[in-house]
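Here you go, one structure.
These figures come from a predicted structure and were not determined experimentally. For ligands, and for the atoms within them, numbers begin at 1 and follow the listed sequence.
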Amino acid sequence: MENPDLTVETEARSSGRIQRANSLAGDVYEAIFAQLMSLKIPPGSRITVDNLVREFDVSHTPIREALGRLEGEGLVVKTHLIGYRAAPQITRRRFDELYELRLLLEPAAAAKATATLDEERLTALREAAGVMARRVGKDERLRYSNFARQDAIFHDKIMEFAQNELIRETLNHQHTHFHIFRLMYHSRVTEEALDEHEAILAAFAAGDASGAADAMRVHIENSRDRLLPAFE
Ligand SMILES: [Zn+2]
């Protein structure tokens, strides 16, 4: 006869193992992501699975999983027979095109989103912006990479509320925030953006559509100007 206690214990143990495996893969991913964002792994450089296996003291599986996920995010490029590389740095031309695209789409979307914002949505935006302001954690690289991700979430939420999925997808596919934050690993990139996000939120809270468009335009123009020295 089957011992019910034993069955429960076995299930608990196997689900525990899955959880551990998941969080290990997640931790490995976060660590490589932080190294890519902070340029510890320089753009265009080779990434060897064996080196990462040694560095993190884990098996090949979580490393390959992490690299596959990073490939999907445009941060890692896999070439047949050669292997993985960090994605090359964005070119000046591409950068200009990206900001032209953002300036065409995001201020108009911010204006459009204003009309759809209720308290719940406003709270979601405030939370997305608020997470970025928190200076938790000692690891500066991790903080920087988290900031980049949160900035992507904040902007994407505004696109979601503007209710044009095509515009949202178009911007998402550029992986804008991952590319631009790799241009410069510097606190100025993050500190000033926080105030600009506050200005956007203030216009949203006031129901001021044209104010939201203006604040978004200013934020994107300033972001561009902060990053331009990376090309000098
Ligand atoms: Zn932003």
Side-chain angles (χ1 to χ4, degrees), residues 33-34 36-39 73-75 89-90 94-114 116-117 121-137 140-164 167-206 208-231:
F33 179 76
L36 286 162
M37 295 305 293
S38 65
L39 310 181
E73 292 173 335
L75 280 171
Q89 196 65 285
I90 188 172
R94 192 70 177 172
F95 177 84
D96 290 344
E97 289 173 354
L98 190 57
Y99 272 84
E100 193 179 348
L101 180 73
R102 292 190 71 188
L103 284 167
L104 284 170
L105 298 179
E106 290 194 56
K112 202 177 159 211
T114 310
T116 77
L117 295 179
R121 287 179 170 188
L122 211 48
T123 303
L125 289 173
R126 285 202 184 104
E127 271 172 17
V131 172
M132 300 161 81
R134 259 176 250 150
R135 290 147 201 258
V136 286
E140 193 61 27
R141 285 179 201 283
L142 213 55
R143 205 172 84 78
Y144 188 80
S145 63
N146 283 337
F147 189 96
R149 192 194 304 284
Q150 273 318 121
D151 193 36
I153 291 170
F154 177 72
H155 285 265
D156 181 61
K157 277 214 176 299
I158 296 171
M159 294 307 118
E160 180 191 338
F161 298 151
Q163 293 168 335
N164 183 323
I167 290 178
R168 189 182 177 196
E169 280 167 28
T170 301
L171 287 165
N172 257 336
H173 285 163
Q174 307 310 317
H175 303 291
T176 303
H177 301 266
F178 294 169
H179 285 297
I180 62 175
F181 277 89
R182 271 197 327 162
L183 279 171
M184 224 189 254
Y185 173 48
H186 198 285
S187 61
R188 200 181 148 226
V189 174
T190 58
E191 306 303 327
E192 292 181 9
L194 291 173
D195 293 337
E196 293 159 16
H197 287 174
E198 283 304 321
I200 297 169
L201 286 170
F204 280 152
D208 178 2
S210 74
D214 289 343
M216 182 62 88
R217 188 175 304 107
V218 166
H219 173 45
I220 296 171
E221 284 171 353
N222 287 351
S223 163
R224 179 193 60 201
D225 295 346
R226 276 192 293 272
L227 293 168
L228 270 177
F231 296 102

With the Zn ion (ligand 1) at the centre, find the angle made by NE2 from His155 and NE2 from His197, to 10°.
-> 110°
Without hydrogens or angle criteria, can the side chains of His179 and Gln174 be said to hold a donor-acceptor pair below 3.5 Å?
->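 Their side chains do not contain a donor-acceptor pair, so the 3.5 Å distance test is not met.
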Using a distance-only test with no angle check, is there a side-chain donor-acceptor pair under 3.5 angstrom linking His177 and His155?
->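 No donor-acceptor contact under 3.5 Å links the two side chains.
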Is it true that Glu196 and Arg226 make a salt bridge, defined as a side-chain N closer than 4.0 Å to a carboxylate O?
->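 Salt bridge between Glu196 and Arg226, a charged N being under 4.0 Å from a carboxylate O: yes.
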In Asp151, the N, O or S atom nearest to the Zn ion (ligand 1) is which?
-> OD1
Of all the atoms in His177, is at least one N, O or S atom closer to the Zn ion (ligand 1) than 2.8 Å?
-> no
Establish, yes or no, whether the cationic atom of Arg94 lies under 6.0 Å from the six-membered ring centre of Tyr99 and within 45° of the ring axis.
-> no
